[in-house]
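Just below is one structure, and these are the notes that go with it.
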Amino acid sequence: MKFGKIFVNKSLNGILAHSMVIDGKKLNKGKIINKTDISLFKRHDIKEITCAILNKKDIQEDKAANAIAKNFRNSSVAVENAITGRSNILAAKSGLLIIKEAQINKFNNISEDITIASLNNYFKVEKGDMIATIKIISFSITSSNLKRISNLNLKNALKILPFNKNRCGLILTQGSKENKKLNDISESRIRDRLEKINHELVTTLKCKHNAVEISKKIKLFKKNKIDLILILGSSAIVDIKDEIPSAIKQSGGKIIRFGMPVDPGNLLLIGKNKNTPIIGLPGCARSPSLNGFDWVLERIAADVNINKKDIARMGIGGLLKTKKALRNLKTKNNYKICSIILAAGRSKRMKSNNKLLSKLSETTMINQVVNSAILSNTDSDIIVLGHEKENIEKILPNKNLTISINKNYNQGISSSIKIGISSLPEDCDAVIIILGDMPDVTDKLINNLIKSFNPEIKRHIILPYYKSQLGNPVIISRRFFPEILQLKGDSGAKNIIKKNLEYVYKLPQKNNASLLDIDTDQQLITYLSKPKFIKEI
């Protein structure tokens, strides 16, 4: 690879090394320099630019990242298309992230130009979460390094183990008198924890805080084929010979370990009665805050065996007191929603010029759509270009818009959606997909869709609804990004929506703006001939 200052006349197909702003137009780092860019440089008397020119043996950063990411594919993960040398790996199911750390360390030692960063091992993830990101540091890698990575056998280096649906029993012990309020809180908090990992609290039993009574309850749970037994004492376990560990032994069980190097959660006890795990809970199990109980519970739920050494290794990173009380906490109207504007197609049904460049009353069709997105409450806006990309790019507003290029736009709308998904910010909670040929979609329509998004009440997909017809744009939560990355052809997200109707919310509309798209010359003529009047939504 040749890198450095290069004369503009010789920079065609070079890779721009640093972002530039020329006459209000931003050229991003990593952009492939085209003839339009060269003309822009010359108009502003720029004679040299810093860029990279690849040799025949160099593998361009996006191609390299995509080739590397394929090595990690398995049924539990999904891979985004590479953008600026970065390919993100997502969880294709909810569960526990299992990492082969030795393999990842070998990967990161192959070359300084090739990196992968991941979440911590045994991290609880939701479907759609980003679990790792592959980044090419420079603009290319060598074919020999790509081959070395292929030889690492990385297929299961990142894997999600789903949480089993287990039946759980809880034993609450008490002193001379029951503290009903405390017991109610304890049961409620533990039930909430279990539901988040696909477990069910089927029975809660209460007894006096002594080994004999607790042992009887353990035996009763065993008889009723409970999958996981939890014991929360009226007083904490302070010794391996205390009442709860003694009860486990009296019931025929054994102690695996008492005490863990995680705070909160030091006083946790883990045991087993034949194949049934038993956890003696620390007092912090009554709190919604992250604690050592969560780490043990999640591994058991994913059917990961835990021994003494596993618990001992939890000390590094085990100081949890300074961390947020709840992980991944989101509240209504606190979601990051970004837009993807699809503008890469060829307008096959139009005999005239590109419909997106058609003149409306004051602007072009595509600019009218883009301006609606920019004026809305989206956190960021991405436009995907393909066919006649340079002509469209020339007229786009210069601010607050990220341009992504789909070189494979002939493969259908799904290819553009996948490019858009791969271009989203890493902390994006949902995407609103906007078609570039729907000029009556307003910022108010977009904002109303955004207001309706709320995964807490199963509103993961939001669709406008007018006179029994579903329209566009559509909001889709991160939960479904793995499915989007598997789309092919011109199907769009229709099949994803059909398969997940329980997560769909239909937002009623007062006009047909969400149904009106321009596909033919006649539709354009009809649209231009009608008075422009859209009622406020």
Check whether any side-chain heavy atom of Ile49 lies under 4.5 Å from a side-chain heavy atom of Asp37, and answer yes or no. no

Heavy-atom closest contact (Ile116 atom, Phe72 atom, distance): CD1-CZ, 3.6 Å

Distance-only polar pair, side chains of Asn145 and Arg148, donor-acceptor under 3.5 Å: yes

State whether a side-chain donor-acceptor pair under 3.5 Å links Asp443 with Ser372. no

Lys389, NZ: over 12 other non-hydrogen atoms inside 6.0 angstrom: no

Could you walk me through whether Asn164 and Ile300 pass the side-chain contact (heavy atoms from CB on, under 4.5 Å) test, one step at a time? CA-CA 9 Å; Asn164 298 313; Ile300 290 173; over 6 Å; no

Any cation-pi pair here, Arg459 with Phe453, using under 6.0 Å and within 45°? no

Any sub-3.5 Å donor-acceptor pair from Ser94's side-chain atoms to Glu126's backbone N or O? no

Show your working on side-chain contact (heavy atoms from CB on, under 4.5 Å) between Ser380 and Thr402 and close with a plain yes or no. CA-CA 8 Å; Ser380 62; Thr402 299; 5.9 Å; no

Under 3.5 Å, is there a donor-acceptor pair between the Asn472 and Ser514 side chains? no

NZ/NE/NH1/NH2 to OD/OE distance under 4.0 Å, Lys355 and Asp437: yes

Phe293 six-ring centre to Arg193 NZ/CZ under 6.0 Å and within 45° of normal: no

Between Arg478 and Asp129 (salt bridge meaning N to carboxylate O under 4.0 Å), is one present in this structure? no

Quick one: CG on Asn448 to CG on Leu507, what's the gap to the nearest 0.5 Å? 6.0 Å

Could you point out which residue of Ile149, Ile59, Ile110 forms a side-chain contact (heavy atoms from CB on, under 4.5 Å) with Ile141? Ile59

Applying side-chain contact (heavy atoms from CB on, under 4.5 Å) to Leu268 and Arg257, what does each step give before you reach the verdict? CA-CA 8 Å; Leu268 180 139; Arg257 175 162 174 147; over 6 Å; no

Does any N or O in the side chain of Ser87 come within less than 3.5 Å of the main-chain N or O of Glu80, such that one atom is a donor and the other an acceptor? yes

Search all heavy atoms of Pro473 against all heavy atoms of Ile433 and return the closest pair with its distance. CB-O, 3.2 Å

Main chain of Gly412, side chain of Ser416: is a donor-acceptor contact present, judged purely on distance under 3.5 Å? no

Give the minimum heavy-atom separation between Gly292 and Leu320, together with the two atoms involved. N-CD1, 4.2 Å

Test item: Gln368 side-chain N/O and Pro439 main-chain N/O as donor-acceptor pair under 3.5 Å: yes

NZ/NE/NH1/NH2 to OD/OE distance under 4.0 Å, Lys47 and Asp45: yes

Hey, does Asn291 have a side-chain heavy atom less than 4.5 Å from the side chain of Val262? no

Less than 4.5 Å apart, any side-chain heavy atom of Leu96 and any of Arg299? yes

Look up atom CG in Leu424 and atom SG in Cys338, then write down how far apart they are to the nearest 0.5 Å. 5.5 Å

How close do Ser339 and Ile434 get, counting heavy atoms only, and between which atoms? CB-CD1, 3.9 Å

In this structure, are over 12 heavy atoms from other groups packed under 6.0 Å from Lys159 atom NZ? no

Is there side-chain contact between Val369 and Val441, with at least one heavy-atom pair below 4.5 Å? no

Nearest 0.5 Å please: distance from the CG atom of Leu158 over to the OG atom of Ser76. 8.5 Å

Backbone N/O of Met130 and side chain of Asn88: donor-acceptor pair under 3.5 Å: no

Can Glu502 and Lys458 be counted as an ion pair, charged N to O under 4.0 angstrom? yes

Side-chain contact, heavy-atom cut-off 4.5 Å: Phe480 with Asn500? yes

Any chance the side chains of Asn9 and Lys42 put a donor and an acceptor closer than 3.5 Å? yes

Atom pair CD1/NZ of Ile306 and Lys309 - distance to nearest 0.5 Å: 16.0 Å

Can you check whether Phe41 and Phe7 have ring centres sitting under 6.0 Å from each other? no

Sub-4.5 Å side-chain heavy-atom contact between Ile98 and Val304: yes

How many angstroms lie between CG in Leu385 and CD in Glu393, if you round to the nearest 0.5 Å? 6.5 Å

Closest heavy-atom pair, Trp295 versus Met314, reported as atoms and distance to 0.1 Å, is CZ3-O, 3.6 Å

Keeping the roles fixed (side chain from Ser11, backbone from Gly14), state whether a donor-acceptor pair exists under 3.5 Å. no

Would you check if Ile33 and Leu27 make a side-chain contact, meaning some heavy-atom pair closer than 4.5 Å? no

Anything under 30° is parallel, anything over 60° is perpendicular, the rest tilted; go ahead and classify Tyr409 against His387. tilted

For the residue pair Asn367 and Leu360, establish whether any side-chain heavy-atom pair is separated by less than 4.5 Å. no

Under 3.5 Å side-chain donor-acceptor pair for Ser415 and Asn406: yes

Under 6.0 Å from the CD1 atom of Ile316, do we count more than 12 heavy atoms belonging to anything else shown? no

Okay, side chain of Thr378, backbone of Ala373: is any donor-acceptor separation there less than 3.5 Å? yes

Quick check: does any side chain N or O of Asp58 sit under 3.5 Å from a backbone N or O of Asn55, one acting as donor and the other as acceptor? yes

Could you pull out the closest heavy-atom pair between Met1 and Ser140, with the gap in Å? SD-OG, 3.6 Å

Trace of the side-chain contact (heavy atoms from CB on, under 4.5 Å) decision for Val79 with Lys70: CA-CA 8 Å; Val79 177; Lys70 288 179 181 178; over 6 Å; no

Does a side-chain N-to-carboxylate-O contact under 4.0 Å join Lys35 and Glu390? no

Would you say Thr363's side chain and Lys359's backbone share a donor-acceptor pair under 3.5 angstrom? no

Would you say that more than 12 heavy atoms from the other residues, nucleotides or ligands in this model lie under 6.0 Å from the NZ of Lys135, or not? yes

Quick one: pull up CG in Asn495 and CD in Gln486 and give me the separation to the nearest 0.5 Å. 13.5 Å

Per the side-chain hydrogen bond (donor to acceptor under 3.5 Å, both in side chains) rule, which among Asp427, Asp379, Asp429 passes with Lys336? Asp427

Can you confirm whether the side chains of Thr115 and Asn108 place a donor and an acceptor under 3.5 Å from each other? no

Using a 3.5 Å distance criterion without hydrogens, assess whether the side chain of Asn391 forms a donor-acceptor pair with backbone atoms of Glu388. no

Salt bridge (charged side-chain N to carboxylate O under 4.0 Å, His left out) between Glu298 and Lys196: does it pass, once the steps are laid out? CA-CA 10 Å; Glu298 288 162 5; Lys196 290 176 182 177; over 6 Å; no

